[in-house]
Novice: 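Following this message is one structure expressed as structure tokens.
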Amino acid sequence: MAAPMLQWARAGRCWLLGPCPRRMILLFAEPGPGRVRGQSSAAAQEPRPGAQEWAAVVGLEIHVQISSNSKLFSGSQVTFLAPPNSLVSFFDASLPGTLPVLNRRCVEAAVMTGLALNCTVNKKSLFDRKHYFYADLPAGYQITQQRRPIAINGSLTYSLGVGALWSPSATKTVRIKQIQLEQDSGKSLHDDMRSQTLIDLNRAGVGLMEVVMEPDMSCGDEAATAVKELQLILRALGTSQANMAEGQLRVDANVSVHHPGEPLGVRTEVKNLNSIRFLAKAIDYEIQRQIKELENGGKILNETRAFDEKLGCTVSMRDKEGKQDYRFMPEPNLPPLILYDTESLPMGADPQQVVNIDRIRESLPELPSVTRERLVEQYGILPEHSFALLNEDGLLEFFQNVMKETRAEPKKVIGWILSTFLGYLKQRNLAVSESPVSPSSLAELLSLLDDKVISQPAAQQVFEELWQNQGKSPGQIVQEKKLELLHQQEELEEICQAVLDQHPQEVMAVKKGNHKVVNKLIGLARRATLGRADPVKIKQILEKQLQ
């Protein structure tokens with residue numbers, strides 16, 4: 001694989017694979033501290049002594065837990081936080097004489113995911129045994145798909161920038177090498193007090209999809225954004241909840257560095273990353289660690305490492321196993337997995353006994369990329385706002401429910417949701433589903449604001465009252481607190497005249513040409529109305545009275 005050119009994307013953080021049309025951005029590592037930074041070739045045609053150019057390469061292996069009521073090869077239930085060893089069949093425990101029975105739901109989920117990721121779905125795939133000996137794997141091997149996986153040669157498109165950094169040019173694509181079905185292992189529970197390790201086999205045999213991404217990324221931000229997009233796709237499909245905190249999506253990152261134009265460097269694997277934020281940190285740290293090691297004359301070992309979240313660094317776990325260590329062999333207890341399309345479907349075949357790829361393709365829901373385009377076109381919102389709506393679980397549905405019931409413009413609604421509403425959630429560490437403010441209440445509040453029944457400050461006050469969850473509607477709060485805007489012309493003129501009479505110095509300053517003082521008079525008049533007056537109308541009245 002030829003060394004990619006590097007393009008700077010975000011100061012101090014990220015290097016983008018791909019051609020840079022106007023200039024070449026280089027990576028330099030300073031000897032000693034191992035820091036990496038970007039520098040334009042226009043300013044760095046003569047690198048300072050000791051500086052060297054580096055390219056980083058990142059590939060991902062993502063283990064996705066399939067949303068299924070039972071395990072991949074047994075009828076045991078799949079339930080998070082069930083009592084230890086309460087969901088274990090004879091097959092999960094690898095008792096002699098037990099045989100695997102393939103779960104149809106897991107097969108359909110893998111096909112659906114493969115189609116959503118633009119993969120070629122193999123009509124014939126095979127199962128293999130991957131041998132390794134850990135206490136949480138009773139059989140001594142894992143059933144997986146090494147020779148011929150269920151889906152191959154796909155792609156995932158994602159956009160790097162969000163907010164002020166978003167632009168269409170930041171859209172990138174990572175190739176999907178393959179998607180394979182495999183079973184999960186159990187879980188080791190370490191008891192430091194008693195110096196012992198206990199085994200929970202509830203997770204043993206749970207159905208996984210392993211999504212293998214080609215090494216097309218070059219930093220933590222790229223990897224994190226690609227995984228986030230995959231997470232959104234999986235949830236839209238319903239093939240996985242992809243909750244990283246519950247271990248439903250775990251990432252192994254393969255990282256290496258090299259000089260452009262030279263062969264790729266020795267890679268390390270950072271294992272079991274269960275947070276998008278930690279994924280980005282681990283990859284960026286590992287890139288800098290490898291550069292520093294090579295700059296100091298050391299060597300990079302082909303090893304498996306773990307990310308220490310507290311220290312913010314990777315630590316060595318073990319040497320990396322090769323294929324020869326796993327001793328792959330065909331799984332003798334499972335026949336080839338045969339899938340069909342409409343053309344190859346046998347006459348009179350029972351739909352419950354076969355999997356039809358075309359039928360699954362027709363049932364694909366709207367994917368996140370299409371949803372974002374639709375939101376921009378339908379509501380006229382900015383592209384970065386569409387990203388924000390999808391990135392927060394449940395926020396898109398909340399926004400759409402508000403839009404169904406309010407007369408306010410979409411841009412005003414999105415502004416309130418992304419600033420005020422989401423800000424309250426973040427401050428209190430709440431999910432959208434836990435919000436005490438319902439879409440109906442927010443819709444009513446925004447309609448009152450749009451109809452100029454209340455002012456912007458009054459709307460903020462009403463929202464605060466709604467957040468206290470006192471069971472009152474926005475209209476009731478406005479009436480009780482007397483927050484309606486004053487519209488009576490005579491009443492407003494009296495208030496404004498009283499303000500002018502009480503502040504003769506400011507009036508004199510305005511008449512002498514200091515028109516900035518008008519803003520102070522507007523503020524005083526609004527304070528006199530307890531914020532219940534339209535500032536535009538107040539300004540008009542004051543200017544007329546000052547003439």
Side-chain angles (χ1 to χ4, degrees), residues 375 378-381 385 388-390 392-499 519 521-542:
L375 290 172
Q378 180 178 352
Y379 297 109
I381 62 177
H385 291 164
L389 286 175
L390 266 68
E392 192 71 29
D393 191 28
L395 193 61
L396 173 59
E397 183 180 1
F398 190 95
F399 166 75
Q400 291 176 324
N401 288 334
V402 173
M403 287 303 305
K404 291 176 184 177
E405 301 186 44
T406 186
R407 296 181 294 275
E409 295 180 356
K411 292 181 180 180
K412 291 183 179 179
V413 175
I414 196 72
W416 264 79
I417 286 180
L418 296 184
S419 58
T420 303
F421 177 73
L422 201 55
Y424 271 67
L425 291 176
K426 297 295 185 183
Q427 289 173 8
R428 294 154 181 83
N429 197 28
L430 295 176
V432 174
S433 59
E434 298 172 313
S435 167
V437 178
S438 67
S440 296
S441 293
L442 183 56
E444 181 183 346
L445 172 60
L446 294 179
S447 293
L448 291 173
L449 181 61
D450 190 61
D451 294 339
K452 299 189 183 303
V453 175
I454 56 176
S455 64
Q456 183 75 21
Q460 293 286 349
Q461 186 177 342
V462 173
F463 187 86
E464 178 66 37
E465 292 285 334
L466 289 172
W467 196 267
Q468 302 305 320
N469 197 19
Q470 298 177 356
K472 298 177 182 178
S473 69
Q476 290 173 325
I477 296 172
V478 168
Q479 288 181 354
E480 291 179 5
K481 300 288 185 179
K482 297 182 179 180
L483 298 174
E484 304 96 333
L485 280 172
L486 296 175
H487 294 289
Q488 293 296 330
Q489 185 75 13
E490 293 182 2
E491 186 178 1
L492 292 174
E493 288 177 354
E494 290 178 2
I495 293 172
C496 289
Q497 188 60 54
V499 169
N519 292 330
L521 294 172
I522 293 173
L524 291 170
R526 293 196 65 208
R527 188 182 306 170
T529 65
L530 301 178
R532 297 172 61 195
D534 183 355
V536 176
K537 185 170 288 189
I538 288 288
K539 182 180 180 181
Q540 292 173 350
I541 294 173
L542 285 173

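Residue indices begin at 1 and follow the sequence shown.
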Novice: Between atom CG of L466 and atom OG of S438, what is the distance when rounded to the nearest 0.5 Å?
Specialist: 8.0 Å
Novice: To the nearest 0.5 Å, tell me how far R407 CZ sits from L448 CG.
Specialist: 7.5 Å
Novice: Check M403 against V413 and note the closest heavy-atom contact, atom names and distance.
Specialist: SD-CG2, 3.6 Å
Novice: Any side-chain heavy atom of K481 sitting closer than 4.5 Å to one from E465?
Specialist: yes
Novice: Using 0.5 Å steps for rounding, measure from the OG atom of S419 to the CD1 atom of I414.
Specialist: 9.5 Å
Novice: Determine whether E392 and K426 make a side-chain contact, defined as any pair of heavy atoms from C-beta on separated by less than 4.5 Å.
Specialist: yes
Novice: For residues Q460 and E464, is any side-chain donor paired with an opposing acceptor at under 3.5 Å?
Specialist: no
Novice: Do you know which two heavy atoms are closest between S447 and T406, and how far apart they sit?
Specialist: OG-OG1, 3.0 Å
Novice: Can you name the closest pair of heavy atoms from K452 and L485 and give their distance?
Specialist: O-CD1, 3.0 Å
Novice: Which atom names give the shortest non-hydrogen contact between P439 and N401, and what distance separates them?
Specialist: CB-CB, 3.6 Å
Novice: Rounded to the nearest 0.5 Å, what's the gap from CD on Q461 to OG on S455? Could you check?
Specialist: 9.0 Å
Novice: Check salt bridge (Lys or Arg N to Asp or Glu O under 4.0 Å) between K482 and all other residues, then give those that pass, not counting sequence neighbours.
Specialist: none
Novice: Going through the distances and angles, do V432 and L425 end up as a side chain to side chain contact (heavy atoms under 4.5 Å, CB included)?
Specialist: CA-CA 7 Å; V432 174; L425 291 176; 3.9 Å; yes
Novice: Which atoms form the tightest heavy-atom contact between L445 and I454, and what is the distance?
Specialist: CD1-CD1, 3.7 Å
Novice: Taking it one step at a time, do L389 and I381 satisfy side chain to side chain contact (heavy atoms under 4.5 Å, CB included)?
Specialist: CA-CA 11 Å; L389 286 175; I381 62 177; 4.0 Å; yes
Novice: If you round to the nearest 0.5 Å, how far is CZ of F421 from CG of L442?
Specialist: 7.5 Å
Novice: Could you tell me whether E397 atom CD has more than 12 heavy atoms of other residues or ligands within 6.0 Å of it?
Specialist: no
Novice: So, taking the atom named CG in L422 and the one named CG in L430, what distance separates them when rounded to the nearest 0.5 Å?
Specialist: 11.0 Å
Novice: Would you say Q400 and L375 make side-chain contact, with heavy atoms under 4.5 Å?
Specialist: yes
Novice: Given L418 and H385, is the side chain to side chain contact (heavy atoms under 4.5 Å, CB included) satisfied, shown in steps?
Specialist: CA-CA 8 Å; L418 296 184; H385 291 164; 3.6 Å; yes
Novice: Above 12 or not: heavy atoms from other molecules or residues under 6.0 Å from CD of E409?
Specialist: no
Novice: Using the ring pair (Phe, Tyr, Trp, His ring centres under 6.0 Å) criterion, which residues pair with Y424? Sequence neighbours excluded.
Specialist: F463, W467
Novice: Show the nearest heavy-atom pair for residues E434 and N429, with the distance to one decimal.
Specialist: OE1-O, 4.5 Å
